[in-house]
Q: 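Okay, here's the structure, questions in a sec.
Atom set for the values below is all heavy atoms of this structure, side chains included, hydrogens, waters and symmetry mates excluded. Each chain gets a letter, A, B and so on, in the order its sequence line appears, and its residues count up from 1.
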Protein chains: 2
Amino acid sequence: MSGFRPGDPFLADCPARLAVDLIADKWTVVVLYGLSEGPVRHGELIGLIGGISRKVLTQTLRRLEAHGLVRRHARAEAPRRVEYELTPLGATLIDPIHTLTEWARANGDAVLDALDAAPEPVAHGD
Amino acid sequence: MSGFRPGDPFLADCPARLAVDLIADKWTVVVLYGLSEGPVRHGELIGLIGGISRKVLTQTLRRLEAHGLVRRHARAEAPRRVEYELTPLGATLIDPIHTLTEWARANGDAVLDALDAAPEPVAHGD
DNA sequence: CCGAATCCAAATCGATACTG
DNA sequence: CAGTATCGATTTGGATTCGG
């Protein structure tokens with residue numbers, strides 16, 4: 001997408017859309033981040049992330065699994081153990097995510113300041 | 001977030017969450033991309049993006065405006081003209097987004113292949 | 001410990017029609 | 001041309017409960 005022209009909707013065939021559809025929800029990026037340093041168990045992710053329910057975590061992991069970004073590994077032990085880890089493909093997504101979080105760390109305050117400066121439901125009904 | 005320890009939920013204070021909350025919806029990234037090459041009018045964005053309704057585009061732009069990423073410029077002319085452009089802060093988000101879309105371009109096929117290889121509603125109910 | 005099922009609340013999106 | 005209002009369909013997330 002190194003350049004588009006007006007009149008060309010860069011809709012379905014644009015790679016951006018694929019990436020967005022993959023990560024544009026409340027938890028996907030955080031889950032991937034949680035897996036970025038090695039295999040983690042389901043329950044550990046729950047505690048690590050904080051605020052996510054088991055159901056939603058499972059849903060998120062299932063989707064990532066179906067997309068080939070995460071691998072599930074169930075160990076047959078006494079207390080059931082299920083670990084999740086990034087696939088090689090999934091690991092390649094860590095860099096872009098890292099770039100994004102770096103941006104947030106550098107510019108987060110500026111965004112919050114802007115939010116603070118314009119709390120009114122900005123109406124341009126002029 | 002150069003390293004977290006289990007037991008530390010990296011929840012609210014993690015910069016990743018701010019970035020995700022900003023862009024984790026269906027249109028924000030695409031809209032920012034549409035503005036990445038200069039000021040664009042409301043109607044142009046509609047045609048450029050394709051598939052977005054005026055209402056949702058307006059909502060998206062309002063939120064970006066409130067967050068200080070987009071500036072609105074209403075010209076007083078015969079046919080009404082309203083242009084939107086990235087603020088300097090908003091422009092800094094283009095790089096991370098570009099990194100993400102580059103990933104999609106490079107790995108999109110692999111993701112689609114994985115999706116294709118596992119179309120069953122992968123149930124691990126053992 | 002892990003995850004599926006059910007039920008429910010809330011946010012999101014889209015189509016349409018109306019205003020200046 | 002730009003924006004708002006309203007309504008309804010769909011999606012999403014959360015709480016709880018049940019089962020292996």
Q: Rounded to the nearest Å, what distance is computed from the CD atom of residue E44(A) to the C1' atom of nucleotide dC2(C)?
A: 13 Å

Q: Roughly how far, to the nearest 0.5 Å, is OH of Y84(B) from CD of E44(B)?
A: 12.5 Å

Q: Quick one: R72(A) CZ to dC1(C) C1', roughly how many Å, whole number?
A: 12 Å

Q: Between H42(B) (NE2) and dG3(D) (C1'), how many Å, whole number?
A: 7 Å

Q: Among dT4(D), dC1(C), dC2(C), find the nucleotide with the atom closest to the side chain of T58(B).
A: dT4(D)

Q: Grab the CG-P distance between L57(B) and dT4(D) for me, whole Å please.
A: 11 Å

Q: Out of curiosity, D113(A) CG to N107(A) CG, how far, rounded to the nearest 0.5 Å?
A: 11.0 Å

Q: Atom CZ of R63(A) to atom P of dA4(C): distance rounded to whole Å?
A: 15 Å

Q: Check the distance between dC2(C)'s P and L61(A)'s CG and give it to me in whole angstrom.
A: 11 Å

Q: Taking only side-chain N and O atoms of R80(A), does any of them lie within less than 4.0 angstrom of OP1 or OP2 on dG20(D)?
A: no

Q: If I take atom CG in residue D25(A) and atom P in nucleotide dC13(C), what distance separates them, rounded to the nearest angstrom?
A: 12 Å

Q: Between R63(B) (side chain) and L22(B) (backbone), is there a donor-acceptor pair under 3.5 Å?
A: yes

Q: Just the rounded figure in Å: distance from P of dT12(D) to CG of D21(A).
A: 10 Å

Q: For D21(A), look at atom CG and say whether over 12 heavy atoms of other residues, nucleotides or ligands are found less than 6.0 Å away.
A: yes

Q: Does a side-chain N or O from R81(A) land closer than 4.0 Å to OP1 or OP2 of dC2(C), or not?
A: no

Q: Select one nucleotide: of dG13(D), dA4(C), dG3(D), the one nearest the side-chain heavy atoms of W27(A).
A: dG13(D)

Q: Below the 4.0 Å mark, does dC1(D) have OP1 or OP2 next to a side-chain nitrogen or oxygen of Y84(B)?
A: no

Q: Counting just side-chain N and O atoms, does R75(B) come under 4.0 Å of either OP1 or OP2 of dC1(D)?
A: no

Q: For dG3(D), take OP1 and OP2 only and decide whether either is under 4.0 Å from a side-chain N or O of R62(B).
A: yes

Q: On a plain distance test, is the side chain of R54(A) in donor-acceptor contact with the base of dT17(D) below 3.5 Å?
A: yes

Q: Rounded to the nearest 0.5 Å, how far apart are CG of L69(B) and CG of L61(B)?
A: 11.0 Å

